[in-house]
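Encoded as structure tokens, the structure appears first; notes follow it.
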Amino acid sequence: MIAKFCLSAAELDRMLAAASAKAAELGLAASIAIVDEGGYPFRLHRGDGAGLMTPAVAQAKARTAALLRAPSGVLTARLKDQPELLRLTEYLPMPGGLPVRYENSVVGAVGVSGGSPDQDEAIAQAALDALG
């Protein structure tokens, strides 16, 4: 039998609160998605005034980071040499998705949409920082 780590509801709530606070600090209306290691939703928050597409984009960024076990933005460079990667799954090669790691394992990911690539990553990083 294999034991695996999983984010708790309290940790997910802390991550979402920290990311929402960072978005507010930056003056952004953003959507924030947190997924498990397989890219399936744990939490989705659409901030007041966030664009209609931002929830789907945030979820896609989070899913990409979870499945790649790397930031979603790294896929952009790989697509130049391997465009077929986009046919494998619903990857979104845009910055703003970061994997959540615990003891050398990816246990989930967070994705953000609503700002510039740097702003989205800063919001996602705030969610990771909430875990300590």
Side-chain angles (χ1 to χ4, degrees):
M1 185 152 318
I2 297 173
K4 68 176 191 171
F5 297 105
C6 182
L7 292 163
S8 70
E11 289 167 327
L12 294 165
D13 292 343
R14 275 200 328 265
M15 291 173 70
L16 189 55
S20 296
K22 184 65 173 181
E25 175 188 315
L26 295 173
L28 294 174
S31 287
I32 302 151
I34 305 172
V35 301
D36 68 10
E37 73 278 7
Y40 295 97
F42 270 139
R43 298 283 191 277
L44 177 61
H45 171 77
R46 180 176 169 203
D48 292 341
L52 296 175
M53 287 295 297
T54 60
V57 173
Q59 284 186 290
K61 288 179 181 183
R63 179 175 167 77
T64 300
L67 294 176
L68 288 178
R69 309 300 198 242
S72 57
V74 303
L75 186 57
T76 304
R78 288 184 62 191
L79 288 175
K80 292 176 187 171
D81 294 327
Q82 298 175 292
E84 63 277 6
L85 286 174
L86 284 180
R87 295 188 54 105
L88 295 176
T89 187
E90 297 172 9
Y91 286 139
L92 183 61
M94 295 174 66
L98 298 175
V100 179
R101 298 181 188 282
Y102 183 76
E103 293 198 10
N104 299 318
S105 294
V106 170
V107 296
V110 59
V112 178
S113 178
S116 70
D118 288 340
Q119 290 170 322
D120 288 351
E121 284 211 355
I123 295 167
Q125 186 61 53
L128 298 182
D129 293 346
L131 295 174

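Computed from a predicted structure; not experimentally measured.
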Starting at CG of Leu131, measure out to CD of Glu11 and round the result to the nearest 0.5 Å. 6.0 Å
Could you pull out all donor-acceptor pairs under 3.5 Å where a side-chain atom in residues 18-25 meets a protein atom, sequence neighbours excluded?
residue	atom	partner	partner atom	Å
Ser20	OG	Leu16	O	2.9
Lys22	NZ	Glu25	OE2	3.1

Where is the tightest heavy-atom contact between Ala124 and Val112, given as atom of each residue plus distance? N-CG2, 3.7 Å
Excluding sequence neighbours, so at least two apart, what forms side-chain hydrogen bond (donor to acceptor under 3.5 Å, both in side chains) with Asp129? Gln125
Rounding to 0.5 Å, atoms OG1 (Thr64) and CG (Leu75) come to a distance of 7.0 Å
Of all pairs that satisfy side-chain hydrogen bond (donor to acceptor under 3.5 Å, both in side chains), the ones with a partner from residues 109-119, not counting sequence neighbours: Ser116-Gln119
Which residue pairs pass the side-chain hydrogen bond (donor to acceptor under 3.5 Å, both in side chains) test with at least one member in residues 51-62, sequence neighbours excluded? Ser31-Thr54, Lys61-Asp120
Is there a chain of hydrophobic side chains (I, L, V, M, F, W, Y, each step under 4.5 Å between heavy atoms) that links Val35 to Val107? no
Same cluster for Leu26 and Val110 if Ile/Leu/Val/Met/Phe/Trp/Tyr side chains link at under 4.5 Å? yes
Taking only residues two or more places apart in sequence, or in another chain, which ones meet Lys4 in a side-chain hydrogen bond (donor to acceptor under 3.5 Å, both in side chains)? Glu37
Once side-chain hydrogen bond (donor to acceptor under 3.5 Å, both in side chains) is applied, do any residues pair with Arg43, and if so which ones, sequence neighbours excluded? Asp13
Pair listing, ring pair (Phe, Tyr, Trp, His ring centres under 6.0 Å) test, anchored in residues 53-75, at least two apart: none
Val106 versus Ala66, closest heavy-atom pair with distance: CG1-O, 4.3 Å
So, using side-chain hydrogen bond (donor to acceptor under 3.5 Å, both in side chains) as the criterion, who are the partners of Ser105 when residues are at least two apart? none
Glu121 side, atom CD; Ser72 side, atom OG - distance, nearest 0.5 Å: 6.5 Å
For Tyr40, enumerate each residue passing the side chain to side chain contact (heavy atoms under 4.5 Å, CB included) test, keeping only those at least two apart in sequence or located in another chain. Asp36
By the rule that ILVMFWY residues connect when side-chain heavy atoms come within less than 4.5 angstrom, directly or transitively, which residues belong alongside Met1? none
Name all pairs fulfilling the ring pair (Phe, Tyr, Trp, His ring centres under 6.0 Å) condition that reach into residues 42-85, sequence neighbours left out, sorted by first residue then second. none
Which atom names give the shortest non-hydrogen contact between Ala33 and Ala62, and what distance separates them? O-CB, 3.8 Å
Atom pairs and distances, donor-acceptor, side-chain atoms in residues 91-101, under 3.5 Å, two or more places apart:
residue	atom	partner	partner atom	Å
Arg101	NH2	Arg69	O	2.6

According to a hydrophobic-cluster definition based on side-chain heavy atoms being under 4.5 Å apart (Ile, Leu, Val, Met, Phe, Trp, Tyr only), do Leu79 and Val74 belong together? no
